[in-house]
Amino acid sequence: MRITGTFLDEISHDIPHQNWGRAEWDRDFAHMKSVGIDTVIMIRSGYRRFITYPSTYLQDSFGCYRPPVDLVELFLQLADKYNMKFYFGLYDSGKYWDSGNLQHEIDSNRYVIDEVWKQYGHYKSFGGWYLSMEISRRTKGATEAFRTLGQQCKDVSGGLPTLISPWIDGKKAVMAASSELTKQDAVSLREHEQEWGEIFQGIQGAVDAVAFQDGHIDYHELDDFFAVNKKIADQYGLQCWTNAESFDRDMPIKFLPIKFEKLRLKLEAARRAGYDKAITFEFSHFMSPQSAYPQAGHLFNRYKEYLEEL
Amino acid sequence: MRITGTFLDEISHDIPHQNWGRAEWDRDFAHMKSVGIDTVIMIRSGYRRFITYPSTYLQDSFGCYRPPVDLVELFLQLADKYNMKFYFGLYDSGKYWDSGNLQHEIDSNRYVIDEVWKQYGHYKSFGGWYLSMEISRRTKGATEAFRTLGQQCKDVSGGLPTLISPWIDGKKAVMAASSELTKQDAVSLREHEQEWGEIFQGIQGAVDAVAFQDGHIDYHELDDFFAVNKKIADQYGLQCWTNAESFDRDMPIKFLPIKFEKLRLKLEAARRAGYDKAITFEFSHFMSPQSAYPQAGHLFNRYKEYLEEL
Amino acid sequence: MRITGTFLDEISHDIPHQNWGRAEWDRDFAHMKSVGIDTVIMIRSGYRRFITYPSTYLQDSFGCYRPPVDLVELFLQLADKYNMKFYFGLYDSGKYWDSGNLQHEIDSNRYVIDEVWKQYGHYKSFGGWYLSMEISRRTKGATEAFRTLGQQCKDVSGGLPTLISPWIDGKKAVMAASSELTKQDAVSLREHEQEWGEIFQGIQGAVDAVAFQDGHIDYHELDDFFAVNKKIADQYGLQCWTNAESFDRDMPIKFLPIKFEKLRLKLEAARRAGYDKAITFEFSHFMSPQSAYPQAGHLFNRYKEYLEEL
């Protein structure tokens, strides 16, 4: 299964920054294009006080820092140049993580969505919205919030598609800052199906595609969970994508590029499940020939050999 | 003291993968050869569901994944090409780590040893067996198991040598996934001598060489522990090798290449103790000019300067 | 604000070693010089048993290991060559960290200071002393010790300047080996001012410059803390430098190069506060084009672009 989309990891919670300028980003889009990537998804437009574009609203309302570069503009220009679709990731104020209340995210993003569409909506590559708040089954109460956010995006942009990328609450669902690699209280397949069925029912119409992160369950659990994901996505009319994580969750260094064999297992499972599209988190650190992690360049080569076999 | 052997870290528990293909491995064997390495030891042929060769037995019995490449064949071909000895590391089902019972490892490896010898025993570089279960003094009850495993290897292969590489239960014997670097309840020299004397007595005849990992004790403790290791190895007729770890156990990033000064201290201590051979864990990540960690290439250069002084 | 000084991270507690030889260090001094660095500060001359120069005293008294290279000599020769000032960092026996008693550090460094000045004081680049014991407000009792150490340095060397680089006890003041990134009981601005006022009063005359580490507080707290630092430094006649950390404290990998935007925020805050000089911890791992972390080379390029805007 070919990866045709990637996140752009600006702003990052937990992946060290590569400090690229325009030249490096331009080269990276060319690398992406060369292996068939047609969609880039900015992971979020801001996190707490760090933002990707000089938003007047966010600087005034949240004390955000004026960014040295307008990354939204840069990414849209490059997406135009390389004929890709760009998905804009919503702002994450951090208040939800602190308070458990998503109202802040709804309120602030109502302004962000308007501002961004006004400023950047004319780029031909502006192709969709990414609802950046990562949820799992424990955030079931958030269904309403996600429907509201997705609807806002679609309303302002003439119905451009919306995407979410939740995680499966599997045994590897631990915090990045934790020294642990696994936990005991993983979700069962039956609970997963029931709870996500309810969530999908609540967001249908406002969310077009769901790309579950594929790294929180064990490799031999992939087929079962992927089959359920596809079944309930179909049931509620969502596209079922896979977010094929290209970093390794099984290692003490959090995080370096994944072993190719593991990525292949996950992509093959997505193919068997009949998934609609594969995207990755993310190309530039973990699969790019110019990544600061040279293992990424080797992963790129192994992946290209795999594509030739397809 | 010159390093003449290295582990090949496939399959890894805790060292992120480099995603090398045949070309990179070939180059790496050439780098090894250039500094006098004549022995390569595959750390294990499989760990839980990940395996290094397409074993019918392991796929059928343990649900192992079919590997994308036959690494055993690749390594044997390269060892043939570069005129090295290849040691085959046994399979680790992971069940011992979970249950404390080594019977699983004995049973599964009885089949693995036969299968591997039938399939690969004709390579001229197939030179020995590595009993891959890492033990320390707390696994004393495992003596019997290790004798059985070693004997199986020797019986099937016309007496090819067998190797173990246990750790000293020193102050740095902490889990890789732990954020701690040291612990309080380190073994005393006297306990170490007594307990390992008993273990060596139990395995003599079935195990030919012991290469203690050299990274779990402090640098000023090296001479005392190494002297004891050599003394009891001699007493029970085992060859005494050192496993000179080329990664740094003292750093928050687990693990990057070791500071050359530390490696030198350890090699010099092994030389003073009259050790028979030095191997390292391991060349390709931590000492190779083409490692993803550029510090490894510098370590390679420092080590070559050291060889010139010998 | 231009960075005109850098630490040299030999001996390191927590940053993996790059294994550079003379050629790499020479090139690195050239890189430093190219962006205006005129001061290099050796972080410490030794830590426990590892030392930077073949000190007879430290080998005899503390069982220190004879170093493979005389780094003090190497750094002084390169500082001479590139016309920089070299600050010598005192020895850290580690006993203070174990016992809370600074008397060991005073006693051992009395000998180290004499030995070093006798052996290396003739280099024209020998320009100052760095009191390497990192303190914060909880080490207030140490004021007396630091006055003594600073005075010893000045007495022996005809009054060469002395430097300290304490940390602010902010929310990111957690141990490197901890998996946590922040803590709850951060110091308040008022406590910081009061306690550091007392410390500065105690060390004035013996310490010439203070370079607070800038990485333990949040970015929006920089202005407040920097203003206080400058005010109390002025009050007691100390030069107020900033130690602009070029590694990222917000990431699970401890530590990789900082995101340029963050470094810029910190440098701009120091500029606004009227600081006298900016140094960094440290150039060679985190900002150098030849660092083992390629992100550092990109940071170097972003920083050079920033200098062009100044």
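Every chain is numbered from 1, with letters handed out A, B, ... down the list of sequences.
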How about [X] and [Y]: are their ring centroids closer than 6.0 Å?
{"X": "A/His17", "Y": "A/Phe50", "answer": "no"}
{"X": "C/Tyr275", "Y": "C/Phe226", "answer": "yes"}
{"X": "C/Tyr47", "Y": "C/His13", "answer": "yes"}

Side chain, backbone, both or neither: which part of [X] has a heavy atom under 4.5 Å from chain A?
{"X": "C/Leu256", "value": "side chain"}
{"X": "C/Tyr306", "value": "neither"}
{"X": "C/Tyr293", "value": "neither"}
{"X": "C/Asp248", "value": "neither"}
{"X": "C/Leu265", "value": "side chain"}

Could you point out which residue of C/Arg249, C/Lys183, C/Glu221, C/Lys171 forms a side-chain contact (heavy atoms from CB on, under 4.5 Å) with C/His216?
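Among the candidates, only C/Arg249 passes.
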
Between the side chain of C/Gln213 and the main-chain N/O of C/Ile168, is any donor-acceptor distance below 3.5 Å?
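Here the side-chain-to-backbone pair does not exist.
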
Against chain C, label [X] side chain, backbone, both or neither, depending on which of its atoms sit under 4.5 Å from a heavy atom there.
{"X": "A/Pro67", "value": "both"}
{"X": "A/Arg66", "value": "backbone"}
{"X": "A/Glu180", "value": "neither"}

Is there a donor in the side chain of A/Ser93 and an acceptor in the side chain of A/Glu105, or the other way round, less than 3.5 Å apart?
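Yes, a side-chain donor-acceptor pair sits under 3.5 Å.
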
Who wins among C/Ala296, C/Pro257, C/Pro294, C/Gly297 for the most heavy-atom pairs under 4.5 Å with chain A?
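Maximum pair count with chain A is reached by C/Pro294.
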
So A/Phe29 and A/Lys81, side-chain contact (heavy atoms from CB on, under 4.5 Å) or not? Walk me through it.
CA-CA 9 Å; A/Phe29 273 62; A/Lys81 176 175 175 182; over 6 Å; no

